[in-house]
Amino acid sequence: MKFDVLTLFPDLIQSHMDFSIMKRASEDKIIEVNTINPRDYSLDKHKKVDDTPYGGGAGMVLAPQPYVDAYENIEKTENSITIMMTPQGEPFCDKISNELAKFDQIIILCGHYEGYDERIREIIKPREISIGDFVLTGGELPALCLIDSVSRKIEGTLGKIESAHDDSFADGLLEYPQYTKPREYRGLKVPDVLLNGNHKLIEEFRFQQKIERTKNKRPDLYEIWKQNNL
């Protein structure tokens, strides 16, 4: 999987790739993350990428020329998709993460300031995605959330791909509670069923825990799951 990220702050993206699972996946050539700075394509002598909005208003708007030129200079594979990170996009979820993991290349546009000149949308025609109903100072953090989530779906990123299958939302439910040593801590004991080696009972216990946890913590998800499965 190749990620090409258009960003005014490439160090924010690259720094995330220096740690933990993402670092290993990059070193093992499972994923590749490149950054493209629209400033490098600005025709302005001061390398400006924004300007005041027509019609007035506070803040600055990202100009179309640097972003469109930067985007058009990216070498695209046949099986690629372009994503714009924006509060106006569809809510990101595990289902979308699975869809995106089927592509060979994901191009991501990160906005800043008061947002994009509308002609960037009209020319590039990206799929617009939001990570929640709130506004951040830029698109880099949302882009990293998307990269991290999608990368987990790619064979080889995790030690065992089954780890992703047990994640919250993978089957519409939240993940079951996890325990490790010691067996007892401050009077709290690991459930006996997890200690008896009966994998069938363990699987049944974990499944029931997923249902109860989802019902209590995310009743909205539980109702959807119930409609689809009961």
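- Annotation for N73: atom CG counts as buried by contact number, over 12 foreign heavy atoms lying within 6.0 Å.
- When all heavy atoms of S151 and T157 are compared, the pair lying nearest together is O-OG1, 2.8 Å.
- The two residues P53 and G59 make their nearest non-hydrogen contact at CD-O, 3.4 Å.
- Summarising the local packing, CD of E223 is surrounded by more than 12 heavy atoms from other residues, nucleotides or ligands at distances under 6.0 Å.
- Remark: E75 CD is loosely packed, at most 12 non-hydrogen atoms of other residues, nucleotides or ligands lying under 6.0 Å away.
- Looking at T7 and E140, their side chains do bring a donor and an acceptor atom within 3.5 Å of each other.
- Of the charged side-chain nitrogens involved, none lies within less than 4.0 Å of a carboxylate oxygen, so that E212 and K215 do not count as a salt-bridged pair.
- A salt bridge does not link R119 with E122: none of the charged nitrogens is closer than 4.0 Å to a carboxylate oxygen.
- For the side-chain contact (heavy atoms from CB on, under 4.5 Å) test with V33, the passing option among I13, D4, L144 is I13; the others fail.
- Atom OH of Y185 has 12 or fewer neighbouring heavy atoms from other residues, nucleotides or ligands inside a 6.0 Å radius.
- With a 6.0 Å radius and a threshold of 12 heavy atoms from other residues, nucleotides or ligands, K47 has its NZ atom above the threshold.
- With Y67 as reference, I120 is the one residue of I120, I36, D117 to meet the side-chain contact (heavy atoms from CB on, under 4.5 Å) rule.
- Using modelled atom types and a 3.5 Å distance limit, the side chains of H112 and D50 yield no donor-acceptor pair.
- The two residues G172 and W225 make their nearest non-hydrogen contact at O-CB, 4.2 Å.
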Begin with the C-alpha distance, continue with both residues' side-chain angles, and end with the deciding distance and a verdict on salt bridge (charged side-chain N to carboxylate O under 4.0 Å, His left out) for E118 and R121. CA-CA 5 Å; E118 190 63 21; R121 285 185 169 89; 3.4 Å; yes
